[in-house]
Amino acid sequence: MRFSRYFLYTLKENPKEAETVSHRLMLRACMIKKLASGIYSYLPLGYRVIKKIENIIREELDKEGCIELLMPAVQPAELWQESGRWDYYGKELLRFKDRKNGDFCLGPTHEEVITDIVRKELRSYKQLPLNLYQIQSKFRDEIRPRYGLMRGREFIMKDAYSFDVDDASCDKSYWQMYDAYTRIFKRCGLKFRAVEADSGAIGGNYTHEFHVLAETGEDTVLSCNSCSYTANIEKAECLKPEKIDEQVELKPVEKVETPGKKSVEEVAEFLGVKPSDLVKTMIFKLENGDAIAVLVRGDYEVNEVKVKNHLGVAILELADEETIEKVTGGPSGFSGPIGLNIPIYADYSVLNMSNFVIGANEKDMHYINVNLGRDFEVKEFADLRLAVEGETCPRCKKGKYEQFKGIEVGQVFKLGTKYSKAMNCTFLDENGKERYAVMGCYGIGVGRTAAAAIEQNHDENGIIWPVNIAPFQVILLNLEVKDKEFTEKVDKMYKELTDKGFEVLYDDREMRPGFKFKDADLIGIPVQVIVGKKAMAEGVVEIKVRRTGERIKVKPEKMADKLKEILEKLREEEENR
RNA sequence: CGGGGAGUGGCGCAGCCUGGUAGCGCACUUGUCUUGGGAACAAGGGGUCGGAGGUUCGAAUCCUCUCUCCCCGACCA
């Protein structure tokens, strides 16, 4: 591709709308163009990257026997009503009417459509297992789109759906996809982790998220430095402590004044104790209006997801001031378990505490030297707090948690029979008995993967594409475009490289060298071939490796072989990080 | 939805407070000169000042309404 004939116009200045690195660089490199909030066009350079990622996905899924199809973006309400999600799904589902006043929506996901397709054809267990996928634009009317392709409203997603005869077979499909995903992100040259995630209150099935590790990630991931346990912070388990029967002298409980001291830090400082000597009492409100209390050691945080899952409820929110006063009799910031008439759940971190500090359910008052059993009773102990970096891994009990920031680029999810039951997707098994298909669903955000790749691979000069997803492999810089004889030689190099199968962007623009260098660095093509007068006089061309900055001089006739060697080496390194 | 900020040429911004008919840098066109890390000079082209209404002799500027976009938070199969 000749740069002078390509649709690529870089920006020297940072567009104001962009905050994150990937968003900024994608705009500056002319990869995407915003049409409306969270809705982007993929310009030629950006679309090349998208297609690279899509093709890696296709190749790896096809290897697992997955079959590609394409479903509509517009879906009728009936299907969603049938699965029960027309009412359940919130405003994220963009709904509209057609000319005949029928209800429709833009598909945010395709469980309903795929289940409808499959149920119409599925009759026998002999047709299973089945895994169908598509790469298609989804639409979710996000509350707040942001960060360019990272969280758009319209976005390209690969979604796959598996159908199996039973649970065991579904597990097999699940792990096949897990393996395929691992290969896909490896091939994309990304540093990533597969993490155990929370599957929500719907069903007791399991799920893994694939996170690209990057400072700017929105999610927090904890990973054991000894075993393979890795989990989203919402899910990461905490080691259950043993009950220790220490011979601690239980001091008499005492009510003390703590004027204006509400937060754990303030109270601890005022009383001259450590935050870990306090017990925090959080009041939550359930959907039906009932309140519960959750206790956690002062230096820890309650994990709402764990509380929800423990109670088996879908909705849980921190109680408002009014509820707190009604339930505890005191203002927020001074809540404590003594005298509470609501269920009290305590995190394991409280189990072995003694002579601790709690709120007195009265303004400006706390109790000190409080003890479990003697002063109040707990309904139940459970793992209810957020795990923190450095604590002992609950699985191997040897390693410690390390913390990472991640960008979720993919998820594998075992659905079970939720949709096949709701939509009557059945088959006859080998005994002639009718059964529901056991399903799984598997997503990869294609645009988000591209954005995550940039978040992970850039420097102050621009993008550094991993070879396998780079829009071009080589950028050929002609520094003497006006010299006809010279240019003829470079034209030949361009032709040679193209003929030999390299994807080459040929910078044949009449611009000063500095400009071309800056552009080449910005758009992040992995290898630059720089052809200038001085080097040419020596009978060599210069190769610059974008990632390392390494410069190599080679004779033109050796150029192609050298490029191949460099690209292979890069690919090798990138795939095994 | 709550809080904050912004809409002026393709991009980044000034002008607004104190009304007088729009300006700067980058990009673009032409020419001269230059050519290994976003050159210089000269001459050009391009703007319903987000939209509607109002005040005024006169509105980018003042008033009212409205739309859009960005940031923080709540939310997120």
Side-chain angles (χ1 to χ4, degrees), chain A residues 9-20 23-24 27-28 30 33-39 80 83-85 88-93 107-112 138-148 150-153 155 157 159 161 197-203 205 207 209 218-219 232 234 304-305 314-315 317-318 320 408 410-415 418-419 439-445 448 460-462 477-483 486 507 509-523 528 530-538 541-542 544 549 551 553:
Chain A
Y9 309 98
T10 56
L11 256 38
K12 198 190 308 193
E13 288 170 287
N14 279 324
K16 178 177 62 166
E17 66 183 65
E19 281 296 310
T20 48
H23 190 194
R24 237 176 10 230
L27 289 170
R28 285 190 55 203
C30 199
K33 194 80 179 173
K34 186 174 70 187
L35 186 60
S37 177
I39 302 177
W80 286 74
S83 72
R85 287 210 289 186
Y88 180 80
Y89 225 103
K91 284 191 182 160
E92 256 183 52
L93 185 63
T109 176
H110 281 65
E111 280 84 7
E112 282 80 2
K138 298 271 182 279
F139 193 93
R140 291 178 196 175
D141 204 354
E142 291 276 348
I143 277 175
R144 187 149 91 84
R146 58 185 127 175
Y147 308 144
M150 204 80 96
R151 184 180 286 260
R153 292 194 292 171
F155 55 97
M157 180 173 177
D159 47 325
Y161 305 88
D198 178 66
S199 55
I202 333 146
N205 294 312
T207 175
E209 292 170 350
E218 291 184 81
D219 295 306
N232 191 307
E234 290 182 349
E304 284 188 37
V305 173
I315 295 174
E317 55 184 23
L318 263 178
D320 49 55
E408 186 193 344
Q411 182 166 31
V412 291
F413 202 104
K414 208 180 139 192
L415 285 173
K418 177 177 158 67
Y419 294 92
M439 294 172 58
C441 71
Y442 316 89
I444 291 179
R448 190 182 272 192
E460 65 279 8
N461 294 314
L477 305 182
N478 179 351
L479 301 187
E480 300 289 343
V481 176
K482 281 190 181 158
D483 183 330
F486 185 93
D507 195 345
R509 298 173 301 169
E510 287 192 17
M511 313 210 93
R512 298 162 63 86
F515 213 98
K516 297 191 176 191
F517 294 143
K518 289 288 185 190
D519 269 352
D521 286 350
L522 172 64
I523 63 181
Q528 303 172 6
I530 303 164
V531 191
K533 230 169 198 157
K534 281 179 212 154
M536 197 75 126
E538 294 172 37
V541 298
E542 191 177 354
K544 179 185 157 188
R551 289 164 192 274
K553 285 185 176 162

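Just so you know, these numbers use all the heavy atoms, side chains as well, and skip hydrogens, waters and symmetry mates. Naming convention: chains lettered A, B, ... in sequence-line order (proteins, then strands); numbering from 1 in each chain.
Between the base of B/rG37 and the side chain of A/D521 there is a donor-acceptor pair shorter than 3.5 Å. Side-chain atoms of A/K482 come within donor-acceptor range of the base of B/rU34, with a qualifying N/O pair under 3.5 Å. Side-chain atoms of A/R85 and base atoms of B/rA77 include no donor and acceptor less than 3.5 Å apart.
A 3.5 Å limit on both hydrogen-bonding distances identifies no Watson-Crick or G-U partner for B/rU18. The pairing partner recorded for B/rU61 is none, the criterion being a Watson-Crick or G-U wobble arrangement whose two distances lie under 3.5 angstrom. Here B/rA77 sits opposite no nucleotide as a Watson-Crick or G-U wobble pair (both hydrogen-bonding atom distances under 3.5 Å). Partner assigned to B/rG31 is B/rC41, using Watson-Crick or G-U wobble distances below 3.5 angstrom. Base pairing annotation: B/rG25 forms a Watson-Crick or G-U wobble pair with B/rC11, both donor-acceptor distances under 3.5 Å. Base pairing annotation: B/rC69 forms a Watson-Crick or G-U wobble pair with B/rG5, both donor-acceptor distances under 3.5 Å.
In this structure, NZ of A/K516 is placed 13 Å from P of B/rA39, rounded to the nearest angstrom. A straight line from CG of A/D483 to P of B/rG36 spans 14 Å, rounded to a whole angstrom. Summarising the geometry, the separation between CZ on A/R509 and P on B/rA27 is reported as 12 Å, rounded to the nearest angstrom. The separation between A/L479 atom CG and B/rG38 atom P is 13 Å, rounded to whole Å. When the P atom of B/rC71 is taken as reference, atom CE of A/M150 falls 12 Å away, rounded to whole Å. Atom CD1 of A/I143 and atom P of B/rC71 are 15 Å apart (whole Å). One atom, NZ of A/K518, and another, P of B/rA27, lie 14 Å apart when rounded to the nearest Å. Residue A/K12 contributes atom NZ, which lies 14 Å from atom P of B/rG37 at whole-angstrom precision.
Between B/rC28 and B/rG73, the distance separating the two P atoms is 38 Å to the nearest Å. Going from the P atom of B/rU30 to that of B/rC17 covers 41 Å, rounded to whole Å. Rounded to a whole angstrom, the distance from the P atom of B/rA60 to that of B/rG47 is 16 Å. B/rC1 and B/rC13 have their C1' atoms separated by 32 Å, given to the nearest Å. If you take atom P in B/rC49 and the same atom in B/rA22, they sit 11 Å apart, rounded to whole Å. Nucleotides B/rU64 and B/rG12, compared at atom C1', are 31 Å apart to the nearest Å. Distance check on atom C1': B/rG23 versus B/rG15 gives 7 Å, rounded to whole Å. B/rU32 and B/rG20 have their C1' atoms separated by 40 Å, with the value rounded to a whole Å.
At least one side-chain heavy atom of A/K544 sits less than 4.5 Å from a side-chain heavy atom of A/D521. Here the side chains of A/L479 and A/F486 are not in contact, with every heavy-atom distance at 4.5 Å or above. Contact of the A/C441 side chain with the A/E111 side chain is registered, since non-hydrogen atoms from C-beta on lie closer than 4.5 Å. Using a 4.5 Å heavy-atom threshold, the side chains of A/K418 and A/M439 count as separate. In this structure the side chain of A/H23 reaches within 4.5 angstrom of the side chain of A/E17, judged on heavy atoms.
The side-chain contact (heavy atoms from CB on, under 4.5 Å) search around A/K33 returns A/S41, A/L43, not counting sequence neighbours. Remark: A/Y89 pairs with A/W80 by the ring-ring contact (aromatic ring centres under 6.0 Å, His included) rule, at least two apart or across chains.
A/K34 comes within contact range of the sugar-phosphate backbone alone, with a heavy-atom separation under 4.0 Å but no base atom that close. A/E542 comes within contact range of at least one nucleobase, with a heavy-atom separation under 4.0 Å. Among the protein residues, A/Y147 comes within range of the sugar-phosphate backbone only, with heavy atoms under 4.0 Å from sugar or phosphate atoms but none that close to a base. Contacts of A/M157 with the nucleic acid, taken as non-hydrogen atoms under 4.0 Å apart, include base atoms. Within the nucleic acid shown, A/I530 comes within 4.0 Å of at least one base atom, counting heavy atoms only.
Contact check, A/S37 against B/rC70: a side-chain N or O comes under 4.0 Å of OP1 or OP2. Contact annotation: A/R144 reaches the phosphate of B/rC71 (side-chain N/O to OP1 or OP2, under 4.0 Å).
Between A/P145 and A/Y89, it is A/P145 whose nearest contact on RNA chain B lies nearer the 5' terminus. Between A/E480 and A/H23, the residue whose closest nucleotide on RNA chain B is further toward the 5' end is A/E480.
With B/rA27, B/rC71, B/rA77 as the choices, the nucleotide that has an atom nearest any side-chain atom of A/E19 turns out to be B/rC71. Out of B/rC76, B/rA77, B/rG38, the shortest distance to the side chain of A/R151 is found at B/rC76. In this structure, the nucleotide among B/rC26, B/rC76, B/rA77 sitting nearest to the side chain of A/T109 is B/rA77. In this structure, of B/rG38, B/rG36, B/rC72, it is B/rC72 that holds the atom nearest to the side chain of A/R146. Considering only the side chain of A/R512, B/rA39 comes nearest among B/rG36, B/rC76, B/rA39.
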Pick out the pairs of N or O atoms, protein on one side and nucleotides 8-15 of chain B on the other, that lie under 3.5 Å.
residue : atom : partner : partner atom : Å
B/rG12  : OP1  : A/K16   : N            : 3.2

Go through the steps for A/R28 and A/T10 under the test side-chain contact (heavy atoms from CB on, under 4.5 Å), then give the verdict. CA-CA 5 Å; A/R28 285 190 55 203; A/T10 56; over 6 Å; no

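Salt bridge A/E218/A/R151: present, at least one basic N to carboxylate O contact under 4.0 Å.
What you find for A/A520 and A/Q528 is that their closest heavy atoms are CB-NE2, 3.5 Å. Residues A/L27 and A/L11 share a closest heavy-atom pair of O-CD2, 4.0 Å.
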